[in-house]
Amino acid sequence: MEKNIFKIPSLANVQAETSLSLQLKNELQISLPILINSLLVCADPNLSAQLSNVLKGVKHLLLKTEHKITFVNTEVNIILLVFCGDENTTATDIEKCALKNIPTILIGDNIPALIMRKAVQYHIKDIVPLTPFNDEIGPVLITLVNEISVNMKMAPVVSIINGKGGSGASFITDCLGQICAQKSDDKIVLFDGDFQHGSLADILGVEPQYYLSDALKEVEKLDALSIQSMMCSNNNLSLLPVKPYSHLSDSVQINIPELSLLMNKIRSNFQLVIADFSRGLDHYSLPIIDISEIIFVVVQQNIVSIREAKALITYMRARLGIEPQRIHLIINRFSKKQNTLSINDIKDAIGIKSAFIIHNNYELASACTDLGKRIGQVHDAKQIKTDIGKIVVDLMPISLKKGKHSSGFWSRFMGN
Ligand SMILES: Nc1ncnc2c1ncn2[C@@H]1O[C@H](COP(=O)(O)OP(=O)(O)O)[C@@H](O)[C@H]1O
Ligand SMILES: [Mg+2]
């Protein structure tokens, strides 16, 4: 039997300057749309280390390595199976991957016909050569992850950020969540991304027993049932609250892979995630903002707020490469009487074409944010409901309920 391991350039004996080792030294600079747990199975420790190094640069790819398949962890989304010359082992591994129904990419050079045939029979997703590995693996991973994310039915994420604290991001998150849940049967979850002063539990008037920090501690174990039951829920609107100051506790270490894994699990069990990032951008919010379908930037009708919103958007676009079409302004506490800064002035100054307004209504906002009242329970809510309603109809990715007795869309929308 031909031992192809000897044909894999470099591996243990490679000269440092060969083309393959040079290619495998470079980290791949790509970003996946969702967090993916992957397993690299490679019998050759040297090659395994080189491949891991290349894949280290892939954003949102969590990589575990094994020299043979064990399947201790069944939460694997993708297997990267490396052919190291042992035909029998690779053939059996292909069968094992198929049995577990885990999408698999076969990696190797000079793969024998028997293995190729096995790969086709068992629906291996793709075959990637080691030369040139860096050029080939990126597009293959992105295609496969896109396919997986469609099958996983991941809920879209809508992020709400303020350039400046106190702009109304939490109030708007609450209102959007309530109106979306009222007008749709979709299961909606509010995610409190303010790890310092999480306020959504107070705004929603709930007394939580379980917090984000608890969920993060056991994220690996959470299944569909526990994800649903850990939330504070009112019909189809749920919240995963943040315990104030929990980030300062030694027992709670928020880390990005766990947070991303939790977000993936939440997204697979709900139909919409609305995330409140009222502390602005930080280390933890960036990956979630990065995968958001819609990003609302809350701004108020004054120069300081506009300047801060512009700086925030410039940073997001430069750091995350976010396209301007995904960003929408919400001009909060809008008043026609403040006529020195019109909606168009604000759009032009910030450089974003899409803007919505929410009128100023202090009594209503403080009844919601301070007393935990629902928007429907507050007198004089019509204007704010109309403002929020326009955002929901124009942009929110939900299926709106069909009303039995309504004639027009807006009467259906505004009715209780
Ligand atoms: N449209 C509005 N009209 C009047 N007051 C508002 C409005 N939106 C928010 N507020 C008030 O502004 C304050 C800050 O709102 P909040 O949602 O906590 O801001 P952020 O989360 O951006 O820090 C709260 O007291 C809230 O009641
Ligand atoms: Mg807030």
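Both counts, for ligands and for their atoms, begin at 1 and track the order of listing.
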Checklist entry - Counting heavy atoms only, which part of Ile172 comes closer than 4.0 Å to ligand 1: side chain, backbone, both or neither? => result neither

Checklist outcome for this item: In short, Leu130 meets Ile107 closest at the heavy-atom pair CD2-CG2, 3.8 Å

Item to check | Closest approach of any protein heavy atom to atom 26 (C) of ligand 1, naming residue and atom | outcome: Thr369 OG1, 3.6 Å

Checklist entry - What do you reckon, does Gly165 have a nitrogen or oxygen under 3.5 Å from a nitrogen or oxygen of ligand 1? => result no

Checklist outcome for this item: Within 4.0 Å of some non-hydrogen atom of Ser366, the atoms of ligand 1 are 27 (O)

Checklist entry - Does the side chain of Leu80 reach to within under 4.5 Å of the side chain of Val128, using non-hydrogen atoms? => result no

Next on the checklist: Is Arg279 close enough to touch ligand 1? Criterion: a residue heavy atom under 4.0 Å from a ligand atom.
Outcome noted: no

Checklist entry - Hey, is ligand 1 close enough to Phe171 that some N/O pair sits below 3.5 Å? => result yes

Next on the checklist: Regarding ligand 1, does Lys164 bring an N or O atom to under 3.5 Å of one of the ligand's N or O atoms?
Outcome noted: no

Checklist entry - Is it true that some N/O/S atom of Thr173, main chain or side chain, lies under 2.8 Å from the Mg ion (ligand 2)? => result no

Checklist entry - Which ligand 1 atoms are under 4.0 Å away from a heavy-atom of Ser278? => result 20 (P), 21 (O), 22 (O)

Checklist entry - Numbering the atoms of ligand 1 from 1, which are under 4.0 Å from a heavy atom of Asn162? => result 20 (P), 22 (O), 23 (O)

Next on the checklist: Could you report the tightest heavy-atom contact between Leu272 and Met396, atom names first, then the distance?
Outcome noted: CD2-CE, 4.0 Å

Checklist entry - Judging by distance only, is a nitrogen or oxygen of Ser167 under 3.5 angstrom from one on ligand 1? => result yes

Checklist entry - Short list, please: which atoms of ligand 1 are under 4.0 Å from a heavy atom of Asn360? => result 3 (N), 4 (C)

Item to check | Identity and distance of the protein heavy atom lying nearest atom 23 (O) of ligand 1 | outcome: Gly166 N, 2.8 Å

Checklist entry - Parallel under 30°, tilted from 30 to 60°, perpendicular over 60°: which one fits the rings of His328 and Phe296? => result tilted

